[in-house]
Every structure is written in C-alpha cells, then in structure tokens.
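Worksheet: one structure, shown below.
Just so it is clear, the model here is predicted, and its values are computed rather than measured. Computation of the quantities below employed the complete heavy-atom set of this structure, encompassing side-chain atoms and omitting hydrogens, waters and symmetry-equivalent molecules. Per chain, numbering begins at 1; letters A, B, ... match sequence-line order.
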Protein chains: 2
Amino acid sequence: MPHSVKVAPAYPVADGQAHCPIHHVLSYIGNKWAILILRELFQGNRRTNEFLAALPGISTKTLTARLRELERWGLVTRTVFPEVPPRVEYSLTAKGREIQPIMVALSQVGQHWLVHGSPRSAP
Amino acid sequence: MPHSVKVAPAYPVADGQAHCPIHHVLSYIGNKWAILILRELFQGNRRTNEFLAALPGISTKTLTARLRELERWGLVTRTVFPEVPPRVEYSLTAKGREIQPIMVALSQVGQHWLVHGSPRSAP
DNA sequence: CCGAATCCGTGTCGATACTG
DNA sequence: CAGTATCGACACGGATTCGG
C-alpha cells in the first residue's frame with residue numbers, strides 16, 4: 001500500500017496477507033458492487049443512469065463512490081461532456097480489461113451452477 | 001430459493017439480473033470474506049483458530065456466520081470431533097471445489113498486479 | 001433534466017466479554 | 001477451543017436537494 005490514506009475501505013490489507021495475490025485483487029474488486037459495475041463496462045461504455053438501471057438495488061451514492069474508486073485505481077475512465085443536459089460516460093481502461101479472466105471464470109461457474117442445481121437449491 | 005428466510009444477505013437477487021451467471025456466483029461468494037475462507041480450504045482442512053490466524057481482521061462472529069452459509073449452500077463441510085477440548089474441522093465439498101477456476105483467475109490477475117505496478121500505485 | 005452530494009434510518013461487521 | 005451476546009462503528013439505500 002503505497003499511500004497512507006485510506007483508499008480501500010472494503011478490504012483492510014492486514015498483516016501477513018498483504019502479499020497474497022487473491023487478497024490483493026479483492027482489495028480492489030472485492031466490495032459489494034465493483035464486479036457488477038465492471039461487468040457492465042465490459043459490454044460497452046455506460047452512463048450513470050444506465051448503471052442505475054442495470055444494477056437494481058444500488059444507490060447513486062454508492063455507485064458514484066465505487067466509480068470514483070475504480071477511477072482512482074486506474075480501472076475506469078470518467079468522461080464529462082459539457083452539454084445540456086449534462087452527460088457523463090464511464091469506460092474501461094487497459095488495466096480494467098485485465099480482469100477479464102476473472103469475469104470469464106465467474107461467468108462459467110455461474111453458468112454451471114445455473115444449469116445444474118445451484119448449491120442453494122440443495123437440501 | 002427454497003427457504004423464505006433470508007439466507008443470502010450479501011446480494012439481494014433483484015429484478016432483471018437473477019439469471020446473470022456472474023451475479024449468481026456473487027450471491028454465494030461475493031461477500032466480504034467468502035473467497036478468502038475458501039482460499040484457505042483449497043490448501044487443506046482448517047480449524048476455527050486457523051481461520052482466525054489466517055484471516056486477520058475477521059471476527060469470530062462473522063467467521064462462523066460465513067462458514068454456516070457456505071455449509072448451508074453445500075460448499076463446505078463442518079465436522080465436529082467429540083473431544084476435550086472440542087475440535088471442529090472444515091473442508092471443501094465437491095461443489096466448493098468447482099470455484100477453482102475463479103480462484104486461479106483471481107490469483108493470476110493478482111500476481112500480475114503485484115509484479116507490475118498495481119493500479120492503486122498509479123497516479 | 002442528469003449527475004452527484006447530503007441527511008438519515010438500517011443492517012452488517014469488528015472488538016470484547018462470556019458460555020459450554 | 002468453538003461459538004454466542006452485546007455494543008459501537010461504518011457502509012449502504014432512499015429521499016431530498018443542489019449544480020450545471
């Protein structure tokens with residue numbers, strides 16, 4: 001953690017596992033909405049309202065907070081168009097696209113669990 | 001969801017994305033500690049104290065809560081040995097081992113971000 | 001009008017103390 | 001040693017308000 005300021009509220013990088021790769025990625029995308037936000041961006045650029053429509057349950061407050069984090073970490077780009085009405089577009093950076101293997105793995109396991117009985121439907 | 005009781009506090013399966021594979025997996029392992037707990041179990045059976053040592057920051061309350069969820073969903077087995085002092089061991093089920101591709105992807109991206117500059121260290 | 005900031009109620013989590 | 005109970009801290013959601 002190069003900065004002393006708290007930039008990752010989700011996963012406090014503690015003690016002996018700061019070097020664990022899995023823990024390291026989770027400190028970026030392990031919070032409640034990050035992966036779903038990135039999932040949207042893998043399908044194309046998105047505006048704020050489009051996120052809100054695609055992610056039922058998220059609040060504008062949390063959405064902007066997560067997008068600001070992802071932007072600060074270099075995973076997402078925020079573009080403001082000085083128009084009326086105002087328009088803001090978010091897109092993936094090259095760094096952000098690097099998590100594609102994770103999205104693929106998540107999608108494959110999810111597909112498998114949707115087709116076969118999901119664990120939750122087991123007795 | 002066979003039960004009417006709330007078994008998945010992490011990700012309320014909302015509206016149009018209940019069928020999304022990624023959202024579906026995250027409803028199981030998308031919460032704060034599940035993946036790190038499973039990471040431990042991929043390296044062998046674990047006792048409660050071993051989890052607490054390997055996951056600095058987790059509380060006994062949350063640990064047992066997550067383990068109970070994972071057990072209920074069929075990803076983890078809980079074995080109680082009637083000894084003194086009491087001993088409880090947790091292990092992965094076959095269902096639990098199905099998330100291995102996710103762990104691999106997380107580990108690889110994490111490794112890459114640790115070797116090259118992590119996004120967080122970018123300006 | 002859209003994006004975002006603010007106030008407030010709620011639920012989750014961590015720290016501690018305690019029980020079997 | 002494993003798990004529960006209580007309490008304070010914090011993140012999130014909903015509604016409202018502001019800014020451009």
Side-chain angles (χ1 to χ4, degrees), chain A residues 5-15 17 26-37 40-41 45-72 76-91, chain B residues 5-15 17 26-37 40-41 45-72 76-91:
Chain A
V5 294
K6 197 173 82 169
V7 292
Y11 279 84
V13 178
D15 308 340
Q17 56 179 305
L26 291 181
S27 70
Y28 295 99
I29 60 172
N31 65 61
K32 190 173 179 181
W33 290 104
I35 291 190
L36 293 176
I37 290 174
E40 287 302 307
L41 289 176
N45 297 359
R46 289 293 138 101
R47 302 179 57 177
T48 305
N49 270 339
E50 296 174 326
F51 279 119
L52 294 173
L55 306 176
I58 200 174
S59 63
T60 64
K61 173 186 170 182
T62 303
L63 175 62
T64 60
R66 291 296 151 266
L67 285 169
R68 290 290 196 283
E69 281 185 2
L70 296 172
E71 184 192 10
R72 169 192 286 262
V76 161
T77 303
R78 178 173 180 267
T79 310
V80 183
F81 295 88
E83 305 176 354
V84 185
R87 189 169 113 230
V88 178
E89 262 194 20
Y90 297 90
S91 59
Chain B
V5 293
K6 195 171 77 167
V7 293
Y11 280 83
V13 178
D15 307 339
Q17 56 178 303
L26 291 182
S27 70
Y28 294 99
I29 59 173
N31 65 59
K32 192 174 180 181
W33 291 103
I35 291 190
L36 293 176
I37 290 174
E40 287 303 307
L41 290 176
N45 297 359
R46 290 291 137 102
R47 301 179 58 175
T48 306
N49 270 341
E50 297 173 326
F51 279 120
L52 293 174
L55 307 175
I58 199 173
S59 62
T60 63
K61 173 184 169 183
T62 304
L63 175 62
T64 59
R66 292 296 152 265
L67 284 168
R68 291 290 196 283
E69 281 183 3
L70 295 171
E71 184 192 9
R72 171 192 286 264
V76 161
T77 304
R78 178 174 179 267
T79 311
V80 182
F81 296 87
E83 305 176 357
V84 184
R87 186 169 116 233
V88 179
E89 263 193 19
Y90 297 90
S91 59

With the side chain defined as heavy atoms from C-beta on, A:T48 is closest, among D:dC1, D:dG13, C:dG3, to C:dG3
Send over the distance from B:F81 CZ to D:dA2 C1', rounded to a whole Å.
-> 14 Å
Just compare D:dT4, C:dA5, D:dC1 and give me whichever is closest to any side-chain atom of B:N49.
-> D:dC1
List the steps, then state whether side chain to side chain contact (heavy atoms under 4.5 Å, CB included) holds for B:I37 with B:Y90.
-> CA-CA 10 Å; B:I37 290 174; B:Y90 297 90; over 6 Å; no
OP1, OP2 of C:dG14 versus side-chain N and O of B:W33: anything below 4.0 Å?
-> yes
Round to a whole Å and report the spacing from CG of A:N45 to P of C:dG3.
-> 14 Å
Show your reasoning for whether salt bridge (charged side-chain N to carboxylate O under 4.0 Å, His left out) applies to B:E69 and B:R72.
-> CA-CA 5 Å; B:E69 281 183 3; B:R72 171 192 286 264; over 6 Å; no
Should A:F51 and A:L41 be marked as a side chain to side chain contact (heavy atoms under 4.5 Å, CB included) after you check the CA-CA gap, both sets of side-chain angles, and the distance that decides it?
-> CA-CA 9 Å; A:F51 279 119; A:L41 289 176; 3.6 Å; yes
Could you state the atom-to-atom distance from CG of B:L67 to P of D:dA2 in whole Å?
-> 11 Å
Whole-Å distance between D:dG3 C1' and B:F51 CZ?
-> 15 Å
Interatomic distance where CG belongs to B:L55 and C1' belongs to C:dC13 [whole Å] = 14 Å
Integer-rounded Å distance: D:dA2 C1' and B:E71 CD = 14 Å
Testing C:dG3, C:dA5, D:dC1 for proximity to the side chain of A:V88, the answer is C:dG3
Per nearest nucleotide of DNA chain C, the residue lying toward the 5' end, A:R78 or A:V84, is A:V84
Residue closer to the 5' end of DNA chain D, B:V80 versus A:A65 (nearest nucleotide) | B:V80
Under the salt bridge (charged side-chain N to carboxylate O under 4.0 Å, His left out) criterion, do B:E71 and B:R78 qualify, and how do the steps go?
-> CA-CA 7 Å; B:E71 184 192 9; B:R78 178 174 179 267; 5.1 Å; no
Examine C:dG3: is either OP1 or OP2 under 4.0 Å from a nitrogen or oxygen in the side chain of A:Y90? Give yes or no.
-> no
Closest listed nucleotide, where the reference is the side chain of A:R66 and the choices are D:dT6, C:dC7, D:dA11 = D:dA11
Side chain of B:S59 - closest among C:dA15, D:dC1, C:dG3 | C:dA15
Selected nucleotide, minimal atom distance to B:T60 side chain, candidates D:dA11, D:dG13, C:dT16 | C:dT16
So, do A:R87 and A:R47 sit near enough that their side-chain heavy atoms are less than 4.5 Å apart?
-> yes
Picking from D:dT4, D:dA2, D:dG13, which would you name as closest to the side chain of B:R68?
-> D:dT4
Per A:K61 side chain, nearest of listed nucleotides C:dC8, D:dA5, D:dG19 | C:dC8
Measure from CG on A:L52 to C1' on D:dG13 and round the result to the nearest Å.
-> 12 Å
Residue pairs, two or more places apart or on separate chains, that pass side-chain hydrogen bond (donor to acceptor under 3.5 Å, both in side chains) and touch residues 51-62 of chain B | B:S59-B:T62
B:K32 NZ to D:dA11 C1', in whole Å, measures 9 Å
Tell me whether the OP1 or OP2 atom of C:dG3 has a side-chain N or O from A:R47 closer than 4.0 Å.
-> yes
